[in-house]
Amino acid sequence: RFRNVTKPHDWFGVDYWVVAANSQTDAQVAHTYFKYYPIDERLKRLREHWQEWAAPAAKQLQAVPADIQPLTRKSLLVIKAHCDDRGSVLASGDSSIFNYGRDYYCYCWPRDGAYAVWPLIRLGIYDEAKRFFEFARDTMHRDGYLMHKYQPDRAIGSTWHPLVHNRHKELAIQEDETASVIFMIGEYYKHSKDIKFVTNFYHTFIKPCSMFIAGYIDGATDLPHATYDLWEEKFLTSTYTASTVIGGLEAAAEMATAVEHPDDAVIWQRAADRIRGALDKLYHPDGYYRKGFLLQPDGSLQYDDTLDISSFFGLFMFARVEPDDPKLVSTLKHIEAKLLNSTPIGGVIRYENDNYFLTKHQYKGNPWIVCTLWLAQYYTAVHRTDEAAGLLKWASDRAFQSGALSEQFDPDSGVALGVTPLVWSHAETINTVLDLSKSS
């Protein structure tokens, strides 16, 4: 009928809505409600709701440069959109990867969840973080560790980690996930000073998990027993995991002191010191921290000498190795020479010879937003702010018109690869923006 009232080149607006419900009856009820409820009023109430939700972050967001504010605010909402009321944080709602990998990212990885709530904590938005910690507590194995990943309803997610390695039973876990969540509860406590929350979580999550990671150490190396690495590919004692365990144990020790459990604090700090004192075993003679090693039955070490950005970032961010530490600086030089700008479009690749989604095999990997912004965060810490801002711009320039950020990119064309949006990419964007805003 619009042909009768609309002339060529005229235009008009149309309000429409999509209803999802458990039944046709429920859908019809919702449809009738929207049909007779003024859409303008509803949109007004929605805007007010989200402004109220983001209100704790208002002051910090106002300090963000105008050119990056839209992406920062959209990133905040992308993270929120992936937070389930039951506490899980989905890695990505993009299911298109199912067409290629026969699985999707609609799981809650404890690691991704911890990274996702970090910028919310920094901005004073606490509810989602607390619900995520409750999710972790309620899904924790009785022995004190978190599994590979979970469904939003708290069921254990699918995993490709075998339970047997070198003819020995092994846990199908990534230990950094357990350590990261402990570490993040520590970050929540530092920002919120919520001693009641820490007290309530102490015996139900903090202590059992801390006892597990403090005891899951090989006597032959004084480093964590091998588990699967953060990229979910290698079974080994990785530099990144060792770093997160140090960070988790030190955070646990601080919280134990705060709730007056000094004996626990001593145990966990000593375990962290033990691992820290053995980090040199992960340092390559050529002057960089390697990906890791696997302790062999005969006591020898099978090294994985791969240069990996996570080794550097883990030591800097979780183990709190000083930014000017000579071995960390030497590792940085290797990263700048081999992982930074190693493709025509720039950015930072995860590690040398990374084949995940790689189709251009003349390159050693695809650049990732997460990895690029990790380097930017280090640059900010050492006052190389122009370089940090340049890496942030590299990431923001690759946002879709909607503001969605992908996981990685084709090294030649810059076409987005992997899932979009990746919540982790948005979390690191906000963290980098906050770091730069604080340094300016």
Side-chain angles (χ1 to χ4, degrees), residues 46-47 49-84 88-94 105-106 108-109 111-129 131-132 180 184 187-188 191 313 317 347-348 367-377 379-380 388-409 414 416-440:
L46 281 171
R47 281 191 292 270
H49 168 81
W50 290 114
Q51 287 168 358
E52 182 180 354
W53 176 79
K59 185 176 181 180
Q60 291 189 70
L61 291 177
Q62 287 173 359
V64 172
D67 61 333
I68 198 67
Q69 271 212 27
L71 180 59
T72 305
R73 294 179 182 274
K74 287 178 180 178
S75 293
L76 194 58
L77 292 175
V78 167
I79 295 173
K80 171 59 177 173
H82 287 76
C83 294
D84 189 276
S88 75
V89 183
L90 295 184
S92 176
D94 182 356
Y105 276 37
C106 297
C108 179
W109 278 264
R111 175 193 315 103
D112 289 55
Y115 272 109
V117 301
W118 203 345
L120 302 185
I121 290 170
R122 295 180 66 182
L123 289 167
I125 301 172
Y126 297 138
D127 286 348
E128 288 73 21
R131 281 198 291 268
F132 168 68
S180 297
M184 209 54 60
E187 289 297 296
Y188 168 75
H191 284 80
F313 183 76
M317 187 59 69
V348 177
W368 283 50
I369 283 181
V370 166
C371 301
T372 302
L373 296 181
W374 277 352
L375 186 58
Q377 290 166 30
Y379 281 162
T380 303
L391 293 177
L392 176 61
K393 186 177 187 305
W394 180 92
S396 63
D397 284 348
R398 278 156 181 78
F400 282 79
Q401 189 172 1
S402 65
L405 294 168
S406 188
E407 178 182 68
Q408 55 184 295
F409 302 90
L417 300 172
V419 295
T420 304
L422 180 69
V423 170
W424 197 354
S425 295
H426 287 278
E428 295 300 2
T429 296
I430 300 174
N431 277 332
T432 306
V433 168
L434 293 177
D435 287 352
L436 279 167
S437 298
K438 185 177 179 180
S439 70
S440 61

Treating Ser92 as the side-chain partner and Pro421 as the backbone partner, does any N or O pair qualify as donor plus acceptor under 3.5 Å?
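Yes; judged by distance alone, with no hydrogens or angles, the pair exists.
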Can you label the angle between the Tyr115 ring and the Trp118 ring as parallel, tilted or perpendicular, going by 30° and 60°?
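Taking Trp118 first and then Tyr115, their aromatic rings sit tilted (interplane angle of 30° to 60°).
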Of the options Leu373, Asp435, Thr380, which is the one that meets Leu392 in a side chain to side chain contact (heavy atoms under 4.5 Å, CB included)?
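It is Leu373; the other options fail the test.
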Can you tell me how far [atom2] of [Y] sits from [atom1] of [X], rounded to the nearest 0.5 angstrom?
| X | Y | atom1 | atom2 | answer |
| --- | --- | --- | --- | --- |
| His191 | Leu120 | NE2 | CG | 11.5 Å |
| Ser425 | Leu405 | OG | CG | 6.0 Å |
| Arg111 | Trp424 | CZ | CH2 | 5.5 Å |
| Leu434 | Thr429 | CG | OG1 | 10.5 Å |
| Ile68 | Ser75 | CD1 | OG | 8.0 Å |
| Thr432 | Glu428 | OG1 | CD | 6.0 Å |

Taking every non-hydrogen atom, the tightest pair across [X] and [Y]:
| X | Y | value |
| --- | --- | --- |
| Ala388 | Leu436 | CB-CD2, 3.9 Å |
| Val89 | Ala116 | CG1-CB, 3.7 Å |
| Phe409 | Leu417 | C-CD1, 3.7 Å |
| Ala376 | Leu391 | N-CD1, 3.7 Å |

Using the test side chain to side chain contact (heavy atoms under 4.5 Å, CB included), find all partners of [X] that sit at least two apart in sequence or belong to another chain.
| X | value |
| --- | --- |
| Ala91 | Tyr105, Trp109, Asp112 |
| Thr420 | Asp94, Phe400, Ala404, Ser406, Ala416 |
| Cys371 | Trp231, Ile309, Val348, Arg350, Trp368 |
| Arg131 | Lys80, Asp127, Glu128, Glu134 |

Would you check, one step at a time, whether the test side-chain contact (heavy atoms from CB on, under 4.5 Å) holds for Met317 with Trp374?
CA-CA 9 Å; Met317 187 59 69; Trp374 277 352; over 6 Å; no
Compile the donor-acceptor pairs under 3.5 Å between side chains in residues 56-64 and protein atoms, sequence neighbours left out, one pair per line.
from: Gln60; atom 1: NE2; to: Arg122; atom 2: O; distance (Å): 2.8

What residues, two or more places apart in sequence or in another chain, satisfy ring-ring contact (aromatic ring centres under 6.0 Å, His included) together with Tyr379?
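If we apply the ring-ring contact (aromatic ring centres under 6.0 Å, His included) test to Tyr379, skipping adjacent residues, there are no hits.
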Would you sort out whether Ile430 and Leu123 count as a side-chain contact (heavy atoms from CB on, under 4.5 Å), showing the intermediate values?
CA-CA 10 Å; Ile430 300 174; Leu123 289 167; 4.1 Å; yes
Is there a donor in the side chain of Gln51 and an acceptor in the side chain of Arg47, or the other way round, less than 3.5 Å apart?
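Result is no, nothing qualifies.
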